[in-house]
Each structure stands twice: as structure tokens, then as C-alpha cells.
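A quick write-up on the structure given underneath.
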Amino acid sequence: MSSMKTISPSQLKSNGNASASQQENGFVDSLSLLHSERAVQELIQEPLVQGTDDHLIEFSEAMQTVAKALRQVAEAKASAQAEAAEWKRKYELERARNLQLEHKVPGNELWAKLQNWWTRASPDNAVGIIRLFLPCLVCWEIWKERNEQGSEALSFGEQNGNGEKADNTEDQPVLLNQASEQSEKCCGKNGICSHEVLRDGEPYCNSSVVQNKIMRKASFKLSWCCKGEKSDQHKRDVVSFERGNITTAERSSKQIALKWESPPQTLLILTKPNSTSVRILCAKMVSWLKEQKKLYIFVEPRVRVELLKESSYFNFVQTWQDDEEVLLLHTKVDLVVTLGGDGTVLWAASMFKGSVPPIVSFSLGSLGFMTPFHSEQYRDCLDSILQGPINITLRHRLQCQVIREAAKNEYETEEPILVLNEVTIDRGISSFLTNLECYCDNSFVTCVQGDGLILSTTSGSTAYSLAAGGSMVHPQVPGILFTPICPHSLSFRPLILPEHVTIRVQVSFNSRGPAWASFDGKDRKQLAAGDALVCSMATCPVPTACLVDSTSDFLRSIHEDLHWNLRKTQSFDGPRDP
């Protein structure tokens, strides 16, 4: 520091020659550096222009987008040039080979080969073949007549004096120009021919290139895949495919309606047992239907005995004697009327193993998710239903079959059981957790360790499945609910699977105790280790008549029966925002 020269303030205000000489001699002006530092500090302390950083970021992103687009354009251009060069090379080789074969194969023999190939061609491709090869043949004939000398030169150029093949031909550009003249004569002023393909600005006729240029979308077919005949269920045709495009069937109406083609003649009345009010209503309804509507009435044997105890007038009521006649009820009955709650509807559905007639359910129970009609207006309701048309809800059923581990073939399996609400697999009286291995179309799903598992239809979503934490689902939504009962895992949440899957639940071999399966709360069966329960969607749904429509009836039931989202309205005299 002592070696540095001191500069007076007067010298700082000079013309600057001294400072220049000082810089040349290697001296630094300490005062000017001090002023520069102050200027930098003031510049840093000054607030930046608002939005400068945002604009810089946007500009940077825009530049990145432009650079990406330019890079993609360059790559596309390079790819197109490489493809054009490859097609040009293929064209030159094909042209040289054709010209070489011209001198070896007479014209009539070549025409005979083309004619033979035409005969073997498929009739389905005749139109495409005509459009593809006819212009090329015309161009070939014109070229053969007017360019014999050029073809000889090309044929000679392909082989040198020693019999070796030449790598390139000098006459190739001449041939391309000649092909251009031919295409002009072929096409005239009507534009590009169907056989003409442009590569590097040069038209030429090449059938193989034209075939590659005519791109068609691949056609395909869709089919339902089922593993085994036993699991093959009827699938509704809701998917269509045409020209490689997949679409779903358009729903003509949001609501399914039933219109009678001929008036109903036979009615089946099913009642809730051990109810005096139901028995009185049944007697009144049977009398009215017989006298006013002139219908044939079927009732259960128990109900017929009760009616005959009241009066011999009800002797016209029909019933059945054994289970074989029950299996034939769907061939006799046009309409089913239930007097009771949802349990009566479940009982009515269980009586029909195949197709089910439309069910009209009157509410005489504690809950009415599937009983929308009021018993007090049964005459008006039945008048409207018998006249038609009526809105219906198609309620899907599950087909369940128990397969024992000791069964050696399919003939030793038990008869399938149809359920409208759910099938439940629980631990029963055992104190041990269930250990159930679950598979969906042969794919492992999970191992259920807990109190059990519920496989429910969407109609049964408001029953046991809802109490176990499952979702409420509209009854016309096709699906199977997979709901665990008190699982031994907090992350085990319910699932909703599509309707076309097959679910297999097997009791694990290392299970500490057996499991029990119940179907709509009945027909309880024990499942030992190795036994399995196979469930899939049944082919025949249960049609139930609607009071208004399926959506209105569903929303009404969850509001009135479950009091869904019912709470007191927030008062208006509370604190308010200023």
C-alpha cells in the first residue's frame, strides 16, 4: 500500500489523460473503485421492476418450446430424407431388374405371367388391382416402344466388358426423365395418377411403392374371453367395432320400460307370513282381481289354506303341490305381486331359477328399498300396471356354487344358488379369524383375514354391504361389490368389480377353523379348508316395477328409509362475516 501513488482531488477532475496513463502504468484509482462499489450497492438496493422475473421465466420457457419444435422438425426432415433416399434406391434397383428381364422374357410370355397372376388374385382385391396395375402397364408399353435404345444402353451398362456388374448406371437420370414424360402422357392434366408416387420431385411408376403408400387401418374383431365352459356367462352386446373403431352401444333411453303385447292373464301373489294386516289385504286383492280383472290367481299353499279358512269363495285360487311345479311357474305366471317388505321380494326372486316375471312389490314391511308401491292404493297401481307400459328396474343376481375340495369332477359339485342381495362368508361360531384366498378370473386379489367377506350385487349395496362399510350403488349399475367384514387391516377398503368377472373364494389350507357361507341370509353352508365358493353374474335378472323410475325410486328409498345426509339446517342468527 505504501508503494501506491497518492492522487489529489484536482487530478480526478482533469481531462482523464492522467488516469489513462496510470492504468497503462498498472496503477489503480482507489477512489474510483470506492465510487464503483457504492454504485453497485445502490443498484442492488434498488427494487427490481415488478414482473421482470416472471417475464424472464416465460421467455425462457418459450425459447425452450421453440428449440424443441425446431429439433423435432429437423429430426422429421432428416427421417423423411432418409426414407426418400431408401425408396429411390429401391426404385432404381427394381427398374434395372425389370429392364434386364425385358430382353430375357418375351413380351407374350410376360403378358401370360401377368394374366396367370390376375387369375389367381382374390376377387375381393379386383378393384384395387385394376387401379394399381393398369396405369403402370400402360406406362410400361409406352416406354417399351419409345425407349428401346435407352433400355439397351442401361442393359449394357449393368455389365462391363469382363462380365462384372456395374455399381451405378449413367443412363439412370435419362430414364427418370423419360418416366416423367410417360406419366404426363398417362395422367394428362388431371393431376397425380393413382400409381404415381413423388420422391425427390421425380414421379415414377412402382407397384410395390404404391402398395405401401395406400395405408389402411388394421381390422379386428372383439370377443368375450371366458376360461372354461362352466364360467361362460351370457354377455350383452354393448360393444361394437367397425373399421377399426371401438364404440359402445348407444342407450336409447335412460329408463327401461315394459309394454305388454298382450294383456296379462295370470297373477302370482306372495305374502309375508304371520301378519294379520297382510292376510286381510291379500283377501281383498284376490277378490278384486278375480271380479274386476278376471285374472287367474296363484298363491302359496299356506296362503290358500288361510283363504279357504275364511271362506269357500276362494276355491278358485290355484297353487302348486311340489317343487317340480314351482320350477314351471315362470311358464304360467305373467306378473308377480308381493305383499310385505324386501324379504318378501327376495323370497319371490328365489322361487325362479331361470327367467323371472315382472314383480310389483307393495310396502308392508319395516324398510322398503325394493317396495315402492303403497298398499292403500293397490287398485290404482294394479290398474296402471296391467294396462302398461311400466318402468322397470333390472336387478342383477349372483350365481354362487360351492366346490368341495374332495370333489373329483364337476358332477360332484353342488347345485348353484341364486342370490339377489349378497352372499356372505364369515367365521361363524369360531373364535379364529377367517383366512380366505380370493381370486378374480384366476388372478389373485387378496387374502381376507377378519370376520369375513361380502360379495354383493348393486341391489344389495344398501343391505349388509352398507353396514360393513361398502358404497351405495344404483341398482342398474352392473357390478359386484367386494366388501370385507371387520378386516384385520386398516388399508383393506371395499372394491367394486365389473359384472363379467368370476370371483373364487377359497378357504386356505392353513386356516385355523372352517368358514360359513349364507345366501341372502339363508341356506347356510359350512366351508372346510380347501373348499371354494365361485360367484359370477347370473344371466336372468329380476325385473321390478317402478313407482316413478329407477333413479327416483332409489333416491327416495335412501332418503326416506336411511335418512341419508339428514341433519338440522344451519341457523341464520349465528355469527356472520363482516
Side-chain angles (χ1 to χ4, degrees), residues 268-275 278 299-303 320 322-327 329-330 336 338-357 359 361 364-371 395-404 413-430 434 436 451-468 470 475 480-483 485 503 505 507 514-528 531-542 544:
L268 170 62
I269 300 179
L270 301 175
T271 63
K272 181 176 68 173
N274 304 323
S275 175
V278 171
V299 295
E300 297 176 85
R302 170 187 56 83
V303 177
W320 54 87
D322 51 24
D323 294 339
E324 294 182 358
E325 295 184 11
V326 174
L327 297 176
L329 276 178
H330 68 280
V336 179
T338 64
L339 304 178
D342 291 343
T344 310
V345 179
L346 296 177
W347 169 247
S350 66
M351 294 182 60
F352 298 90
K353 306 303 180 183
S355 60
V356 185
I359 297 177
S361 53
L364 288 168
S366 55
L367 289 178
F369 292 104
M370 293 184 287
T371 55
R395 301 182 181 273
H396 302 279
R397 293 187 291 179
L398 284 178
Q399 178 175 304
C400 308
Q401 189 171 20
V402 175
I403 301 177
R404 302 294 179 182
T413 59
E414 301 181 9
E415 291 294 328
I417 302 175
L418 298 175
V419 297
L420 181 57
N421 266 358
E422 76 279 315
V423 53
T424 305
I425 307 174
D426 55 64
R427 63 181 182 177
I429 60 175
S430 175
T434 59
L436 307 174
D451 286 351
L453 177 68
I454 301 172
L455 299 177
S456 170
T457 64
T458 52
S459 296
S461 65
T462 53
Y464 196 0
S465 176
L466 179 62
I480 302 175
L481 279 67
F482 187 91
T483 308
I485 305 173
I503 301 175
V505 181
V507 181
W516 294 82
S518 59
F519 308 88
D520 279 340
K522 305 184 299 294
D523 300 331
R524 198 165 175 83
K525 296 179 180 293
Q526 183 177 358
L527 302 178
D531 293 347
L533 177 68
V534 179
C535 298
S536 59
M537 195 66 71
T539 58
C540 300
V542 178
T544 58

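- For Lys522, the side-chain contact (heavy atoms from CB on, under 4.5 Å) partners are Asp520, not counting sequence neighbours.
- Residues that satisfy the side-chain contact (heavy atoms from CB on, under 4.5 Å) test with Ser461, not counting sequence neighbours, are Val473, Leu481.
- Between Glu422 and Ser465 there is no side-chain heavy-atom pair separated by less than 4.5 Å.
- The shortest side-chain heavy-atom distance between Lys353 and Leu327 falls under the 4.5 Å cut-off.
- Looking only at distances, no side-chain donor or acceptor of Asp451 sits under 3.5 Å from a matching main-chain atom of Ile485.
- Considering OG1 of Thr424 and CG of Leu453, their distance stands at 8.5 Å, rounded to 0.5 Å.
- Taking the salt bridge (Lys or Arg N to Asp or Glu O under 4.0 Å) definition, one finds that Arg404 meets it with Glu414, Asp531, sequence neighbours left out.
- The minimum heavy-atom distance linking Ser275 with Val278 is given by the pair OG-CG2, 3.3 Å.
- For Asp322 (side chain) and Glu325 (main-chain N/O), a donor-acceptor pair under 3.5 Å exists by modelled atom type.
- Judged as a side chain to side chain donor-acceptor pair (under 3.5 Å), and not counting sequence neighbours, Arg397 has no contacts.
- Separation of atoms CZ (Arg395) and CG (Leu420) is listed at 7.0 Å; rounding is to 0.5 Å.
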Item to complete: Using the side chain to side chain contact (heavy atoms under 4.5 Å, CB included) rule, take Thr371 and Asp342 through it: C-alpha gap first, then chi angles, then the decisive distance, then the call.
Response: CA-CA 7 Å; Thr371 55; Asp342 291 343; 3.9 Å; yes

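- Pro416 and Gln399 make their closest contact through CB-CG, 3.9 Å (heavy atoms, listed as atom of the first residue, atom of the second, distance).
- Of the options Asn421, Val542, Thr462, a side chain to side chain contact (heavy atoms under 4.5 Å, CB included) to Met370 is made by Asn421 and by none of the others.
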Worksheet item: Run the side chain to side chain contact (heavy atoms under 4.5 Å, CB included) check on Val507 and Leu436 step by step: do they pass?
Response: CA-CA 5 Å; Val507 181; Leu436 307 174; 4.0 Å; yes

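- Across all non-hydrogen atoms, the minimal contact from Lys525 to Val402 is CD-CG2, 4.0 Å.
- In this structure, the side-chain contact (heavy atoms from CB on, under 4.5 Å) partners of Val534, at least two apart in sequence or on a different chain, are Ile403, Thr502, Arg504.
- Residue Ile429 holds its CD1 atom at 6.5 Å from CH2 of Trp516, rounded to the nearest 0.5 Å.
- Rounded to the nearest 0.5 Å, atoms CG (Leu270) and OG (Ser361) are 11.5 Å apart.
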Discussion item. Under the criterion side chain to side chain contact (heavy atoms under 4.5 Å, CB included), I'd like the reasoning laid out for Cys400 against Val419: C-alpha separation, chi angles, the key distance, then a yes or no.
Written reply: CA-CA 8 Å; Cys400 308; Val419 297; 4.1 Å; yes

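- Using a 4.5 Å heavy-atom threshold, the side chains of Ile269 and Val303 count as separate.
- Looking at heavy atoms from C-beta onward, Phe352 lies in side-chain contact with Pro357 at the 4.5 angstrom threshold.
- For the pair Lys272 (side chain) and Leu364 (backbone), a donor-acceptor distance under 3.5 Å is present.
- Between the CD1 atom of Ile417 and the CG atom of Leu398 there is a distance of 12.0 Å, given to the nearest 0.5 Å.
- Looking at every heavy atom in both residues, Cys535 comes nearest to Leu455 through SG-CD1, 3.8 Å.
- With sequence neighbours excluded, no residue satisfies side-chain contact (heavy atoms from CB on, under 4.5 Å) with Asp323.
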Practice prompt. Kindly determine whether Ile425 and Thr434 satisfy side chain to side chain contact (heavy atoms under 4.5 Å, CB included), including the steps that lead there.
Written response: CA-CA 9 Å; Ile425 307 174; Thr434 59; 5.9 Å; no

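- Residues Ser355 and Cys540 come closest through the heavy atom pair N-SG, 3.8 Å.
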